[in-house]
Undergrad: 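Next up is a structure, given as structure tokens.
Letters A, B, ... mirror the listed sequences (proteins, then strands); counts begin at 1.
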Amino acid sequence: MELASWNVNSLKVRLPQLLEWLIVRQPDIVCLQETKLEDAKFPRLEIEAAGYSVAFAGQKTYNGVALLARQPLVDIAIGNPYFPDPQQRLIAATIGGIRVICAYVPNGQEVGSEKYAYKLAWLAALARWLREEVAEYPHLAIAGDFNIAPDDRDVHNPVVWAGKILCSEAERTAFRALLDCGLKDSFRLFDQPEKSFSWWDYRMLGFQKNLGLRIDHLLLSTPLAQRCTASLIDREMRKHERPSDHAPVITVLEP
DNA sequence: ATGGCATTGTTTCAATGA
């Protein structure tokens, strides 16, 4: 079974691509970020018609997360109890015995900025909550746009990006703190091609030149990591007309 | 140091993203 995560950068714009991808790829569980839609405008019927149950938490213009699954979604929870936040960045549900959390981590804008402080506080609260969730749900996955490149090999030009937003030491430490809750980065369970990225800047022919970062991740609890047989990035989606700047990331779990 | 590109809405430019 396949678990996928994709920052769509506007579900309104990307809906036709999403529906085509659901039909072709048939992922079992999908985490979406940056839907940028109020709940009243969420395209529930179109996605249900493609064979998926949905849960979503959105807002106008920014942020917004959603969960799609072939099986029913139960015990849906929005947000982090330790970090009340008007920005819709977290939604969780239990799907076929797996607790799935969909996350859109703040961008942070610039190291040292107010938004950077918000990002680090948000991540600290996430770790606090995640530690409890992993204890409560041994079969847990958290997937989404983490807005952190965990390692220099996740950066096309580590020298240029050194210390910059998405790559700073405090952000990487915060990412390791998430792993320390008992999670594995599913992508690194396997040998992977060099220069594997999940996001490329729209500008300067970023994708064509593979000037990217790996900032979208699927983290698995130990029992799920043991079931994981593959992990990949679906670069084809970034080649579409009017693509999202992010490609979907996918992990495969044996039943 | 800035813009480069895409998306949104209090739109015809500013804010935000990464």
Side-chain angles (χ1 to χ4, degrees), chain A residues 5-18 31-43 56-66 85-90 102-123 126 143-175 178 187 195-217 233 235 237-249:
Chain A
S5 176
W6 188 24
N7 180 323
V8 291
N9 185 20
S10 170
L11 184 53
K12 183 183 168 191
V13 174
R14 234 62 68 189
L15 182 62
Q17 285 179 46
L18 173 69
C31 300
L32 300 179
Q33 302 85 38
E34 285 207 86
T35 55
K36 300 187 178 179
L37 284 176
E38 292 172 289
D39 288 348
K41 295 186 176 174
F42 192 91
F56 45 85
Q59 65 189 91
K60 204 186 273 190
T61 315
Y62 301 117
N63 312 312
V65 284
D85 188 356
Q87 302 189 24
Q88 299 283 35
R89 297 179 175 279
L90 283 171
C102 173
Y104 175 48
V105 176
N107 167 283
Q109 203 164 60
E110 191 181 352
V111 173
S113 69
E114 222 167 89
K115 287 183 173 145
Y116 184 71
Y118 163 71
K119 179 179 193 173
L120 295 179
W122 194 96
L123 284 162
L126 177 63
D145 176 359
F146 287 76
N147 270 316
I148 300 172
D151 192 275
D152 276 354
R153 66 189 156 157
D154 302 313
V155 182
H156 68 90
N157 188 338
V159 174
V160 165
W161 282 84
K164 297 268 194 340
I165 196 67
L166 317 183
C167 301
S168 73
E169 212 35 65
E171 291 166 271
R172 287 177 169 180
T173 299
F175 185 80
L178 302 180
F187 193 73
K195 300 188 185 299
S196 288
F197 307 125
S198 67
W199 169 87
W200 301 261
D201 202 308
Y202 283 124
R203 299 165 290 188
M204 309 288 281
L205 300 172
F207 181 68
Q208 290 85 336
K209 297 178 183 170
N210 198 29
L211 305 179
L213 304 173
R214 193 177 70 92
I215 55 177
D216 300 271
H217 308 297
I233 300 169
R235 289 174 49 95
M237 294 302 288
R238 192 61 172 75
K239 299 175 183 171
H240 271 72
E241 290 275 313
R242 269 191 110 177
S244 168
D245 44 357
H246 297 252
V249 295

Undergrad: If the P atom of B:dG3 is compared with that of B:dT8, how far apart are they to the nearest Å?
TA: 23 Å
Undergrad: Checking A:Phe146 now: which residues fulfil ring-ring contact (aromatic ring centres under 6.0 Å, His included) with it, not counting sequence neighbours?
TA: A:Phe175, A:His217
Undergrad: List in chain and number order the residues that pass ring-ring contact (aromatic ring centres under 6.0 Å, His included) with A:Phe42, two or more places apart in sequence or in another chain; answer none if no residue qualifies.
TA: A:Phe56
Undergrad: With a non-hydrogen cut-off below 4.0 angstrom, is A:Ile165 in contact with a base, only sugar-phosphate, or nothing?
TA: nothing
Undergrad: Sticking with atom C1', work out how far B:dT10 lies from B:dA15, rounded to a whole angstrom.
TA: 12 Å
Undergrad: Across the strands shown, which category fits A:Asn147 at heavy-atom distances under 4.0 angstrom: base, sugar-phosphate, nothing?
TA: sugar-phosphate
Undergrad: Inspect the contact between A:Arg172 and A:Asp152 and indicate whether a charged nitrogen and a carboxylate oxygen are less than 4.0 angstrom apart.
TA: yes
Undergrad: Using atom C1' in both nucleotides, what's the gap between B:dT12 and B:dA1 to the nearest angstrom?
TA: 27 Å
Undergrad: For A:Tyr62, enumerate each residue passing the ring-ring contact (aromatic ring centres under 6.0 Å, His included) test, keeping only those at least two apart in sequence or located in another chain.
TA: none
Undergrad: With rounding to the nearest 0.5 Å, note down the distance linking CZ in A:Arg89 to CH2 in A:Trp122.
TA: 7.0 Å
Undergrad: Both A:Leu11 and A:Asn107 contact DNA chain B. Taking the nearest nucleotide for each, which residue is further toward the 5' end?
TA: A:Leu11
Undergrad: If we take the C1' atom in both B:dT16 and B:dT11, what is their distance in whole Å?
TA: 15 Å
Undergrad: ring-ring contact (aromatic ring centres under 6.0 Å, His included) with A:Phe187: which residues, sequence neighbours excluded?
TA: none
Undergrad: Reading DNA chain B 5' to 3', which nucleotide is the first, and which the last, to come under 4.0 Å of any heavy atom in chain A?
TA: B:dG4 to B:dA18
Undergrad: Students often get this wrong, so: under 4.0 angstrom with heavy atoms, is A:Lys60 touching a base, only sugar-phosphate, or nothing?
TA: sugar-phosphate
Undergrad: When all nucleic acid strands are considered with a 4.0 Å heavy-atom cut-off, which category describes A:Asp216: base, sugar-phosphate, or nothing?
TA: nothing
Undergrad: Looking at residues at least two apart in the chain, or sitting in another chain, which of them share a side-chain contact (heavy atoms from CB on, under 4.5 Å) with A:Arg153?
TA: A:Asp151, A:Arg188
Undergrad: Report the residue (A:Leu166 or A:Arg14) whose heavy-atom-nearest nucleotide on DNA chain B is the more 5′ of the two.
TA: A:Arg14
Undergrad: So A:Phe197, base contact, sugar-phosphate only, or nothing? Heavy-atom distance under 4.0 Å.
TA: nothing
Undergrad: Rounding to an integer number of angstrom, what distance separates B:dA18 and B:dC13 when you compare their P atoms?
TA: 26 Å
